[in-house]
Every structure is written in C-alpha cells, then in structure tokens.
Amino acid sequence: MSSHYEELLLSDTQLKEQQANIEEFYDKNIIKHQIKNPQGLILSAVELAKNSDDCLVIIPGRGEIAHKYAELLYSLRNENKRIVILFVRGQGQSSRLLPDKQRCHIDKFCYFREDISFLLKKLNIKSYKLLAFSLGSLISLDVILNSDPPPLKAALLAPYIYPYFPLPRFILSSLIMILGSLPFINKCYTPHGKNYKRVPFDSNYHSHSETRFNYYHDYYALHKNLTIGGPTWRFLREAYICQKNILKGQFKFKIPVMAILSGADKVVSTDIARKFFLKHLNDNKGMNLITVDNAYHDLLNEADQYRIQSLPQALNFLDNGV
C-alpha cells in the first residue's frame, strides 16, 4: 500500500502535464519575503502560509533557488502545514557577498546558522520540523547542535558531511585549509569552480530525470540573475571546519533525525556520511538512516524510482517519526 505522501507527490509524467498549474499556483499563492538583517544584508524566504501550528522549515542546497521547490509546494498545497523555505546569505535571492555575484562565498560558516535563527525569529517560527538538502543539511546540523531550541525533528537529504573528491583526505583538507586562508586566493574559484553554465543532461550527475533536470534549468535560462556559480576556497574552508567539528564532535543528538543518502552521489561523500550517522544511530530512538541505491545527488529532482524512496519517507518521518 502506498503512503499518503507517495500519492501526493507528482510523477515525472504528472509534472509535465501540470507545469502550467504549478507556475500559476507558485505565482499567486506563495509569499516572497525580503528581510534586512542587522548587518544590512537582505535575507529571503518563501512561504506557503497556513493557519497551522504544524510548521515545516526547508533549508535548500547550495546554489538553489525558491522556484526549485514550486513542485513540492504545489504537491503539498492541501496539507494543513505552514511551509517556509529559508535562504541564508549568498543563496537564493538573499544578498550575494562578493562583487562577482556568481561566486559562492562565506567568511564564517556560523553566519549561516545566525541567518536561520534571525529568519525564524522574524517570521515568528517558534516550533518547527526541518527538511534540508545538501549544504542545507550541514547548516541544519549546525543549527541542531548549537541553537536553542532546536527543531522538533529533522530529515536530511544527501547531507554535505564531506565533499566527494578523488584525493586522500589529508591532501584535500590541507589544500582547503591553506588556500582558503590566503588573501586574494581565498575568494577565487576552486579548480572545478566556474560561473553557472548549463551542462547537457547526459553529462550531469545530479539527476536521472530529464524532465525535472530541464524544468529546473529552463527556469534558470529565463532568470539568469538568479544563477550561482561554484564555491570559493574560503567557502570550502569554512564548510570543512564545520564538517570537521561535527565529524569529530563528542555529542549525542537530542532530537530524532533521519538521514537519506544517495548511493551514486558524486557531489558529497556518501561513505563518510554513512559512517557518521551509523555512529549516532543509538543517540535517540527516532534516528533513521536510508541509502537510495544508484541515486544521484539531487534527491528532490531525481527520477521517480529514486525520488519515491526518499521524499515520502522524509515527510512521513517528520509527521510520524517512522
């Protein structure tokens, strides 16, 4: 028997058929927030507003935009949930941090956590469940471990616990720490970093779904001001310091957490993430770990056969703890 969320979420075919309805719903029903923080930065959020105590907060991945979640918001439109998607500095339509707005940069990783806390307060969110993807999952772990109060529960998709890169960890960490500290160089792209450029579907390693891949990048083609390129060395350094503190930290999760890993991920290291969550499986009776075999990184935009193994499970876990 299929679950409630399996029935709600659109298939690849349904997405094709309902794109016009999704666009109309997104344009007419989603609130777009632009909020200035004490440092003068604009932080953005989008909201499906409901008069409900059941609040779902979503923290997206690096370089994502609000429109990517239009399909999900449309699918959940009849649920009695307030859904709010938060964008930290440098992401979405929040203020970019360098004159070259394509470069994904941050001076201190803790600023992301501070941005989330600020937005939660400004949007009057006091009790919430958390869904996050990739970089959003790393930010979420920082929030869970260092913010008070933490979310009630958290579901983390393809969490950015450590980058996928074919170099020994000692060499990679040394490069990141050194080059991320050097003046001028720390604001440069890494060797694989560059301005956003659409790659052919057959060359991508984010999704097996050509429909969702094209829907996502066709929107970028029409809204080039929203695109974000690769990370700077400083971004990698700050993320690595956060990752190292989490990986080596002596703590136990005090809230239920579900981690859903992509078996064929070429963006983040599935092996290191799996070892980390296995270490913490006994922290709390609500801890869960799932690996979606052969799935690429972008579980939200994946082909039906992979997406159905991740998103419904995450949403059901946040509702019911199973």
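Keep in mind that what you see is a predicted model, and the values were worked out from it rather than measured.
Asn204 and Arg198 share no donor-acceptor pair across their side chains, judged by distance under 3.5 Å alone. Remark: the Glu64 side chain and the Tyr69 side chain contain an N/O donor-acceptor pair separated by less than 3.5 Å. With 3.5 Å as the limit, one finds no donor-acceptor pair spanning the side chains of Ser207 and Asn301. Side chain to side chain, His67 and Glu23 meet the donor-acceptor criterion of an N or O pair below 3.5 Å. Between Asp142 and Asn146, the side chains place a donor N or O and an acceptor N or O closer than 3.5 Å (distance only, hydrogens not considered).
Scanning all heavy atoms of the two residues, the minimum distance from Ile260 to Leu299 falls at O-CD1, 3.7 Å. Considering all non-hydrogen atoms of both residues, Ala158 and Asp265 come closest at CB-OD2, 3.9 Å.
In Asp100, the CG atom is crowded: over 12 heavy atoms of neighbouring residues, nucleotides or ligands sit closer than 6.0 Å. Within 6.0 Å of atom OH in Tyr205, 12 or fewer heavy atoms from other residues, nucleotides or ligands are found, so the atom counts as exposed in its surroundings. Applying the 6.0 Å contact sphere to CG of Asn282 captures no more than 12 heavy atoms from other residues, nucleotides or ligands. Under a cut-off of 6.0 angstrom, the local environment of NZ in Lys252 is sparse, with at most 12 non-hydrogen atoms contributed by other residues, nucleotides or ligands. For Lys279, the NZ atom counts as densely surrounded, since its 6.0 Å shell holds more than 12 non-hydrogen atoms of other residues, nucleotides or ligands.
Expressed to the nearest 0.5 Å, how far NZ of Lys224 lies from OG1 of Thr227 amounts to 9.0 Å. Rounded to the nearest 0.5 angstrom, Glu114 CD and Asn37 CG are separated by 9.5 Å. Note that the CD1 atom of Ile106 and the SG atom of Cys242 stand 11.5 Å from one another [nearest 0.5 Å]. To the nearest 0.5 angstrom, Leu86 atom CG is 5.5 Å from Leu119 atom CG. In this structure, the separation between CG on Leu97 and CZ on Arg103 is 13.0 Å, given to the nearest 0.5 Å. If you take CD on Gln93 and NE2 on His223, they are separated by 9.0 Å, rounding to the nearest 0.5 Å.
Hydrophobic clustering of Ile, Leu, Val, Met, Phe, Trp and Tyr side chains at less than 4.5 Å, counting indirect connections, unites Ile255 with Leu138. Taking hydrophobic clusters as Ile, Leu, Val, Met, Phe, Trp and Tyr residues chained together by side-chain heavy-atom distances below 4.5 Å, Trp233 does not share a cluster with Tyr164. No continuous path of ILVMFWY side-chain contacts below 4.5 Å connects Ile59 to Val46, so the two sit in separate hydrophobic clusters. Residues Leu300 and Val57 do not share a hydrophobic cluster, clusters being chains of Ile/Leu/Val/Met/Phe/Trp/Tyr side chains in contact below 4.5 Å. Note on Ile42: it does not cluster hydrophobically with Leu120, by side-chain heavy-atom contacts below 4.5 Å among ILVMFWY residues.
Between Ile272 and Arg169, the closest side-chain pair of non-hydrogen atoms falls below 4.5 Å. A 4.5 Å side-chain heavy-atom check between Lys68 and Asp298 finds at least one atom pair inside the cut-off. Side-chain contact check for Leu72 versus Leu311: some heavy-atom pair is nearer than 4.5 Å. Residues Val257 and His280 fail the side-chain proximity criterion, which asks for heavy atoms closer than 4.5 Å. Side-chain contact check for Ile290 versus Gln309: every heavy-atom pair is 4.5 Å or farther apart. Pro38 is listed as a side-chain neighbour of Phe118, based on a closest heavy-atom distance under 4.5 Å. Contact check for Leu236 versus Pro163: no side-chain heavy atoms found under the 4.5 Å cut-off. Using a 4.5 Å heavy-atom threshold, the side chains of Val199 and Phe213 count as touching.
With hydrogens and angles disregarded, a donor-acceptor distance shorter than 3.5 Å links the side chain of Ser310 to the backbone of Arg307. No side-chain donor-acceptor contact under 3.5 Å links Ser137 to the backbone of Tyr160. Judged purely by atom type and a 3.5 angstrom limit, Asp115 uses its side chain to pair as donor or acceptor with the backbone of Arg89. With hydrogens and angles ignored, the 3.5 Å screen pairs no side-chain donor or acceptor of Glu71 with any backbone N or O of Ile22. Not one N or O on the side chain of Lys197 forms a donor-acceptor pair closer than 3.5 Å with the backbone of Asn195. Under the 3.5 Å distance criterion, the side-chain polar atoms of Arg234 are matched with a main-chain donor or acceptor of Asp107.
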Side chain to side chain contact (heavy atoms under 4.5 Å, CB included), that's the test. Do Asp54 and Asn80 meet it? Break it down for me. CA-CA 7 Å; Asp54 186 2; Asn80 189 30; over 6 Å; no
In sequence, state the C-alpha distance, the side-chain angles, and the governing distance for Gln18 and Tyr74, and then conclude on side chain to side chain contact (heavy atoms under 4.5 Å, CB included). CA-CA 10 Å; Gln18 298 192 41; Tyr74 177 80; 2.8 Å; yes
For Phe25 and Leu48: C-alpha separation, side-chain torsions, deciding distance, then whether side chain to side chain contact (heavy atoms under 4.5 Å, CB included) applies. CA-CA 10 Å; Phe25 171 80; Leu48 176 57; 3.8 Å; yes
Starting from the C-alpha separation in whole Å, work towards a yes-or-no answer on side chain to side chain contact (heavy atoms under 4.5 Å, CB included) for Asn29 and Arg77. CA-CA 9 Å; Asn29 295 278; Arg77 67 193 182 282; over 6 Å; no
Which donor-acceptor pairs under 3.5 Å do the side chains of residues 122-134 make with protein atoms, sequence neighbours left out?
{"from": "Lys129", "atom 1": "NZ", "to": "Leu318", "atom 2": "O", "distance (Å)": "3.2"}
{"from": "Ser134", "atom 1": "OG", "to": "His297", "atom 2": "NE2", "distance (Å)": "2.8"}

Only distances under 3.5 Å count here; give the side-chain donor-acceptor pairs of residues 174-185 to other protein atoms, sequence neighbours excluded, each with its distance to 0.1 Å.
{"from": "Ser174", "atom 1": "OG", "to": "Phe170", "atom 2": "O", "distance (Å)": "2.8"}
{"from": "Ser181", "atom 1": "OG", "to": "Met177", "atom 2": "O", "distance (Å)": "2.7"}
{"from": "Ser181", "atom 1": "OG", "to": "Arg237", "atom 2": "NE", "distance (Å)": "2.8"}

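Remark: Arg212 fails to qualify as a cation-pi partner of Tyr215 under the 6.0 Å distance and 45° angle criteria applied to the six-membered ring. A cation-pi contact, defined as under 6.0 Å to the ring centre and within 45° of the axis, is absent between Lys153 and Phe253.
A side-chain hydrogen bond (donor to acceptor under 3.5 Å, both in side chains) check over residues 40-51, counting only residues at least two apart or in different chains, returns the pairs His33-Glu47, Ser44-Ser94, Glu47-Arg82.
With sequence neighbours excluded, the residues that form a side-chain contact (heavy atoms from CB on, under 4.5 Å) with Arg96 are Lys101, Ile228. Under the side-chain contact (heavy atoms from CB on, under 4.5 Å) criterion, Lys194 pairs with no residue at all, not counting sequence neighbours.
With respect to the salt-bridge test (charged N to carboxylate O, under 4.0 angstrom), the residues Lys81 and Asp319 qualify. With respect to the salt-bridge test (charged N to carboxylate O, under 4.0 angstrom), the residues Arg274 and Asp271 qualify.
Grouping Ile, Leu, Val, Met, Phe, Trp and Tyr residues whose side-chain heavy atoms lie under 4.5 Å apart, directly or via other members, places Tyr220 in a hydrophobic cluster with Ile65, Tyr196, Tyr216, Tyr219, Leu226.
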